[in-house]
Structures are given as C-alpha cells and as structure tokens.
Amino acid sequence: MVNKDDFDNGAHAAALPAVPFTALRRRMLALVYEGILLFGVVFIAAYLFSALTQFKGNPASPLRFGFQFTIFAAIGWYFVWCWRHSGQTLPMKTWKFRLAPAAGNHLTATRCWARYSLAWLGPLCALAGYRGVVFLADYGTARFSLAALTLVLPLFVLNFAWALIDRDRQFLHDRLAGTRLVNA
C-alpha cells in the first residue's frame, strides 16, 4: 500500500533517496507567506522608483516599462539573493525546505536567475492568452472578461500544476532550471 505522505515527500524518487522532496502542500502555503513578504519588497521598490523619477502611475507614461522592470528586478533580486546565500527565503525557512541544484554542489547566480525568470512562464503565457482572447472576442483593452480569464487560468497555474504530474513533484520552473526543493 502506498502511503500518501511518502508520495508527497518524494520518497518514491529512487534518484535522490537521501534528501526527500518537499510536500506540495507545504510549498503552496509558503507561497502565500511569500506573497505577504513580497508586498514589502514591491512597496519599497515602487516608492523609490516613484520618488526618484516622479512617476505617478500613468499608463501612458514612458516610465511605465521602467517601473515594471524595476519591480521585476527587485523581486528577482530578493529571491536570487536569498537562494544564493542560504538556499532559502524566510517562508522556506519557516516551512523547513530549501532550494538545491538538481545536480552539482551549489546554486549559481545564473541558475537562480533562470529559476526566477522561468517562474514567470505561466503568468506571462496567461497574460498573452488573455490579451489574445479579448482581442479575438473584440472586447477592446478597457473591458474585463471573466470568460477570457477562465480560459487562461490553467496557463497561469501551469508552473505549479506541473508538480501534480511530475515524477518528483517539482514545479515546472524547477525542472527547467535544474533546481529542486528539498526538505531542510
């Protein structure tokens, strides 16, 4: 008989029996905690950008893309710095798991940036899909479409839903970046 906890912890993975994989439930709860902490990171980055450039949030402003890049880079810097120094962010420490390379001895900055960038794969595909559905349905750009959102929701959760079918229960961005989440 297969024990559900063994399956969640990745004990079935013959390749890495010494380091069991982290349960999906714990990783998802850590994501909620991570979102709370990211509020502070985004707030500080947005405040500094706005104060230094006098950007007021106008979508027609030429500074809009600079603002978006600044937020993307600030969040990326937070994750990459934490992963490179200890393999963990605060929520990962709380839930007792860490990031490790799938093969090799240490996490490189390139691998960490690749993981961070690949984590945006699902949301960016969903955004492009939403824009495509809204364009094809002739809604224009100012109208919200719940139907379009429902159609692209699977793309949004693609990176995380991948863990349900992955043999090691790893997220898609971990699989592509050559990293894995393991118990600390």
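No experiment lies behind these values; they were computed from the predicted model shown.
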Determine whether more than 12 heavy atoms belonging to other residues, nucleotides or ligands lie under 6.0 Å from atom CH2 of Trp120. no
ring-ring contact (aromatic ring centres under 6.0 Å, His included) involving Phe171 - partner list, sequence neighbours excluded: Phe160, His173
With sequence neighbours excluded, what pairs up with Phe69 under the ring-ring contact (aromatic ring centres under 6.0 Å, His included) test? none
Considering residues at least two apart in sequence or located in another chain, which fulfil the side-chain contact (heavy atoms from CB on, under 4.5 Å) criterion with [X]?
X: Pro101; value: Leu107, Arg111
X: Ser61; value: Phe55, Asn58, Leu63
X: Leu127; value: Arg131
X: His85; value: Trp81

Distance (rounded to the nearest 0.5 Å) between Met92 CE and Leu31 CG: 9.5 Å
Roughly how far apart are Leu99 CG and Cys82 SG, rounded to 0.5 Å? 11.0 Å
Same apolar cluster (I L V M F W Y, side chains within < 4.5 Å links), [X]/[Y]:
X: Leu149; Y: Val157; answer: no
X: Phe43; Y: Phe49; answer: no
X: Ile75; Y: Ile44; answer: no
X: Val42; Y: Tyr33; answer: yes
X: Met28; Y: Phe79; answer: yes

Can you sort out the partners of Tyr130 under side chain to side chain donor-acceptor pair (under 3.5 Å), two or more places apart, ordered by chain and number? none
Hits for side chain to side chain donor-acceptor pair (under 3.5 Å) against Thr89, two or more places apart or cross-chain, chain-then-number order -> Glu34
Heavy-atom closest contact ([X] atom, [Y] atom, distance):
X: Pro91; Y: Ala30; value: CB-O, 3.6 Å
X: Val134; Y: Ala148; value: CG2-CB, 4.1 Å
X: Gly66; Y: Thr70; value: O-OG1, 2.7 Å
X: Ala114; Y: Ala177; value: C-CB, 4.2 Å
X: Ile71; Y: Ala46; value: CD1-N, 3.8 Å

pair Leu181-Arg98: side-chain heavy atoms closer than 4.5 Å: no
Would you say Leu164 and Leu24 make side-chain contact, with heavy atoms under 4.5 Å? yes
Establish, from distance only, whether the side-chain atoms of Arg26 and Asn183 form a donor-acceptor pair under 3.5 Å. yes
Do the numbers put Arg27 on top of the ring of Trp95, so that NZ or CZ is under 6.0 Å from the six-membered ring centre and no more than 45° off the axis? no
Hey, is Arg175 close enough to Asp166 for a salt bridge, meaning N to O under 4.0 Å? yes
Pairs touching residues 153-165 that satisfy salt bridge (charged side-chain N to carboxylate O under 4.0 Å, His left out), sequence neighbours left out: none
Taking the side chain from Gln170 and the backbone from Ala163, do they hold a donor-acceptor pair closer than 3.5 Å? no
Show which residues join Leu118 in its hydrophobic cluster (side-chain heavy-atom contacts under 4.5 Å, direct or indirect), or state none. Leu121, Leu158, Trp162, Ile165, Leu172, Leu176
With ILVMFWY side chains joined below 4.5 Å, transitively, what does Leu52's cluster contain besides itself? none
ring-ring contact (aromatic ring centres under 6.0 Å, His included) between Phe72 and Tyr116, worked out: CA-CA 10 Å; Phe72 177 82; Tyr116 171 70; 5.0 Å; yes
What side chain to side chain donor-acceptor pair (under 3.5 Å) pairs are there with at least one residue in residues 39-57, not counting sequence neighbours? Gln54-Lys56
Walk me through whether Trp83 and Arg115 qualify under side-chain contact (heavy atoms from CB on, under 4.5 Å). CA-CA 10 Å; Trp83 293 335; Arg115 182 182 194 266; 2.9 Å; yes
